[in-house]
Amino acid sequence: MIYDRFCTVHEKDGRLENIDFHYSGNFNFAYDVVDAIAAQQPDKTALVWCNSEDEEKIFSFRDIRDMSIKYAKVLMKNGIGKGDRVIVCLRRHYEYWPLAAALEKIGAVMIPMTHMLTAADFVYRLKASDAKGAVITPLSDTHSEFLQACSQYGCDVRKWTIGKDIEGYMNLSGDADMESAEPFERISTKAEEPMLIYFTSGTTGYPKGVIHDHTYALAHIVTAKYWQGAEDNGLHFTLAETGWAKASWGKLYGQWLAGSAVMAYDFDNFDPSNLVTIINKYHVTSFCAPPTVYRYLVRKGVAAMPSLRHASTAGEYLSPEIFRAFKEKTGLELHEGYGQTETVLIAGNLSGIKAVDGSMGVPSPLYTVMITDADGKEAARGERGEIVILPENGKKPIGIFSGYLGNDGLYKDAWKDGVYHTGDSACMDEDGYLWFKGRFDDIIKSGGYRIGPAEIEDILVTHPAVLECAVIGVPDTLRGQAVKALILLEDGFLPSKELDKEIKEYCNSKLAEYKWIRKIGFVESFPKTISNKIRKNDLRKAEGL
């Protein structure tokens with residue numbers, strides 16, 4: 001296997017015990033994995049892609065290598081080089097995969113983003129990242145929103161789209177067709193140089209830029225092979241859009257390291273019956289999606305999926321009822337896992353151990369995971385505390401992020417007292433399984449998305465009827481959590497269905513759809529701390545949470 005070049009895996013009775021990494025100081029996933037597989041097995045399938053319009057394309061590793069070379073040449077001719085940051089907003093378009101490799105080859109830093117962002121979202125990310133280039137989907141209104149953002153910000157960004165000629169954009173795929181696939185001399189990159197930046201929702205401000213180096217790709221071998229069940233010559237299907245960190249978890253790095261092809265289905269509206277059709281048509285062997293999707297599947301009635309050998313989930317609470325119903329219909333246990341945008345898989349129901357419904361599983365062998373009490377000491381078994389990761393020989397372990405963009409202080413806080421603080425609460429049982437108990441901050445997890453309430457609150461308070469507000473997550477049968485806004489009205493306004501609707505429409509028109517306010521509650525006052533901050537824990541208790 002290709003990963004044998006970079007690590008030695010230690011297993012016992014099918015269970016992963018440890019991994020020793022021995023990559024070189026200039027490791028680069030595009031050169032050392034994609035191109036290496038293309039040289040050894042050029043016709044090996046890398047990507048199977050289809051969309052809701054019944055278009056289909058299948059790419060070998062040779063195809064991905066050749067396309068990445070062409071894309072890289074176009075980027076370099078337009079001034080994109082080592083260290084430059086490039087926004088990539090391509091939904092689930094197949095161009096994402098060769099483009100990711102192209103950016104790695106030239107040492108540029110990819111910044112994936114969801115196509116659901118508004119112009120205001122893009123302005124913030126442009127300012128924070130100082131991006132030099134952007135590749136934007138031609139579908140929906142995303143390209144218009146991005147152009148509007150560039151105009152508002154007044155930045156000079158090299159802008160491409162793919163497949164179509166759109167005013168204000170160059171056509172990356174069209175220009176790449178004019179280039180040769182003749183390899184260029186390898187551009188030197190260091191394994192610990194930045195490769196990738198994800199923006200993750202925060203609770204006390206706007207999204208944070210999470211920086212990962214090239215070794216991040218290697219650490220996903222555990223994510224893919226031992227949690228998601230990706231296998232050599234198999235076909236793995238993770239549902240996530242490429243703008244989210246879950247794409248790195250399930251659509252690229254670990255899967256190709258394990259020798260598995262990646263399944264990509266480009267769609268607009270989720271339909272569980274379509275997923276089953278895709279799985280059966282292309283003989284998908286492993287599947288990963290948030291609990292929301294499994295709830296849909298169980299509710300609609302799970303059809304037979306004979307090729308599927310492994311199913312995994314993460315991102316929000318998975319009820320035991322869904323676990324049992326899915327197993328009853330398919331014979332497959334759902335393997336829950338846990339991690340963050342800042343990490344790879346931290347814990348999971350890994351291969352070789354019993355999958356326990358409701359548990360996040362056991363810690364990954366990559367990490368020394370501890371549950372700590374309020375004093376920073378190891379909590380007793382069964383006692384609730386914070387999930388922390390200990391350093392390895394005084395250094396951050398492989399797969400953990402290397403910084404927050406433009407915020408060294410926040411990064412130092414994350415490593416306060418010499419351990420990485422996840423901010424997540426859990427307990428560990430006597431068998432070593434972790435059980436999620438919630439966030440220590442206010443993050444909302446809805447339909448597999450992480451939502452920071454601060455962004456929504458900042459828009460809410462601009463409505464003339466809103467004096468004060470607080471946004472929390474409340475239970476929702478389909479999404480896991482739904483966004484609820486609690487509002488104290490200005491004098492002269494009274495609660496009503498009409499005002500409820502007006503505020504929702506006002507705010508949701510300015511928010512990406514996954515952040516939409518689903519529920520509103522009007523309050524007469526807010527519980528406050530001595531420093532006049534709203535006590536959200538009291539609000540949750542009042543909601544019965």
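Predicted, not measured: the structure shown is a model, and the values here were computed from it.
Between Trp415 and Tyr420, the ring planes lie tilted relative to each other; the angle falls in the 30° to 60° range. Ring geometry, Phe29 versus Phe27: the interplanar angle exceeds 60°, so the pair is classed perpendicular (tilted spans 30 to 60°).
No donor-acceptor contact under 3.5 angstrom links the side chains of Glu241 and Tyr96, judged on distance only. At a cut-off of 3.5 Å, with distance as the only test, a side-chain donor of Asp63 or Ser60 sits close to an acceptor on the other residue. Defined by atom type and a distance below 3.5 Å, a donor-acceptor pair is present between the side-chain atoms of Gln340 and Asp424. A donor-acceptor pair shorter than 3.5 Å can be found between the side chains of Thr137 and His93. For the residue pair Glu104/Tyr31, the side-chain donor-acceptor check at 3.5 Å is not satisfied. No hydrogens or angles considered: nothing links the side chains of Lys82 and Ser188 as a donor-acceptor pair under 3.5 Å. At a cut-off of 3.5 Å, with distance as the only test, no side-chain donor of His310 or Ser312 sits close to an acceptor on the other residue. For the residue pair Gln228/Ser286, the side-chain donor-acceptor check at 3.5 Å is not satisfied. With no hydrogens or angles considered, no side-chain donor-acceptor pair links Asp213 and Ser402 at under 3.5 Å. Counting only N and O atoms by type, the side chains of Tyr282 and Glu56 include a donor and acceptor under 3.5 Å apart.
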message: Working note: Thr341 + Lys208, criterion side-chain hydrogen bond (donor to acceptor under 3.5 Å, both in side chains); need CA distance, chi angles, decisive distance, verdict.
response: CA-CA 10 Å; Thr341 305; Lys208 307 179 292 288; over 6 Å; no
- request: For Ile106 and Asp84, run side-chain contact (heavy atoms from CB on, under 4.5 Å): C-alpha distance rounded to whole Å, both residues' side-chain angles, the deciding distance at 0.1 Å, then the answer.
  value: CA-CA 9 Å; Ile106 64 177; Asp84 290 333; over 6 Å; no
message: Before you tell me yes or no, could you show the steps for Cys50 and Ile278 under side-chain contact (heavy atoms from CB on, under 4.5 Å), namely the whole-Å CA-CA distance, both residues' side-chain angles and the distance that decides it to 0.1 Å?
response: CA-CA 9 Å; Cys50 65; Ile278 297 299; 3.5 Å; yes
task: Please lay out, stage by stage, how Thr8 and His22 fare under the test side-chain hydrogen bond (donor to acceptor under 3.5 Å, both in side chains).
output: CA-CA 8 Å; Thr8 301; His22 41 76; 3.1 Å; yes
task: In sequence, state the C-alpha distance, the side-chain angles, and the governing distance for Val302 and Val276, and then conclude on side-chain contact (heavy atoms from CB on, under 4.5 Å).
output: CA-CA 8 Å; Val302 184; Val276 174; 5.5 Å; no
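With rounding to the nearest 0.5 Å, the separation of CG in Leu99 from OH in Tyr94 is 12.5 Å. In this structure, CE in Met263 is found 9.5 Å from CH2 in Trp49, a value given to the nearest 0.5 Å.
Of the candidates Val388, Ile389, Leu390, Thr368 forms a side-chain contact (heavy atoms from CB on, under 4.5 Å) with just one, namely Leu390. Of the listed residues (Met110, Lys132, Met113), just one forms a side-chain contact (heavy atoms from CB on, under 4.5 Å) with Ile87, and that residue is Met113. With Phe59 as the fixed residue, the side-chain contact (heavy atoms from CB on, under 4.5 Å) test singles out one of Asp66, Leu47, Thr45, Val48: Leu47. A salt bridge (charged side-chain N to carboxylate O under 4.0 Å, His left out) with Asp32 holds for exactly one of Lys105, Arg5, Arg186; it is Arg186. Phe237 pairs in a side-chain contact (heavy atoms from CB on, under 4.5 Å) with only one of the listed residues (Val262, Leu275, Thr285), which is Leu275.
In plain terms, the two heavy atoms of Ala108 and Ile80 that are nearest each other are CB-CG2, 4.2 Å.
Cation-pi check for Lys445 over Phe436 is met; the charged atom lies under 6.0 angstrom from the ring centroid and within 45 degrees of its normal. A cation-pi arrangement is present between Arg92 and Phe267, with the terminal nitrogen or guanidinium carbon under 6.0 Å from the aromatic centre and inside a 45° cone about the axis.
Under a 4.0 Å N-O distance rule, the pair Arg91/Asp268 qualifies as a salt bridge. Salt bridge absent: Asp431 and Lys354 never bring a charged side-chain N and a carboxylate O closer than 4.0 Å. The existence of a salt bridge linking Lys57 and Asp266 is excluded, since no basic side-chain nitrogen approaches an acidic carboxylate oxygen closer than 4.0 Å.
With ring centers used as reference points, Phe401 lies 6.0 Å or more from Tyr198. Aromatic ring centres of Trp160 and Tyr71: separated by at least 6.0 Å.
Side-chain atoms of Leu405 and Phe199, non-hydrogen and from C-beta on, do get closer than 4.5 Å to each other. Contact of the Tyr514 side chain with the Trp244 side chain is registered, since non-hydrogen atoms from C-beta on lie closer than 4.5 Å. Between Pro112 and Leu196, the closest side-chain pair of non-hydrogen atoms falls below 4.5 Å. Residues Pro365 and Ile19 fail the side-chain proximity criterion, which asks for heavy atoms closer than 4.5 Å. In this structure, Pro363 and Met428 have side chains that are in contact, with non-hydrogen atoms separated by less than 4.5 Å. Side-chain contact between Val344 and Tyr367: present, with at least one pair of heavy atoms (C-beta onward) separated by less than 4.5 Å. By the 4.5 Å heavy-atom criterion applied to side chains, Tyr338 and Val369 are not counted as neighbours. The shortest side-chain heavy-atom distance between His335 and Trp227 falls under the 4.5 Å cut-off.
Around atom NZ of Lys396, more than 12 heavy atoms belonging to other residues, nucleotides or ligands sit under 6.0 Å away. Applying the 6.0 Å contact sphere to NZ of Lys44 captures more than 12 heavy atoms from other residues, nucleotides or ligands.
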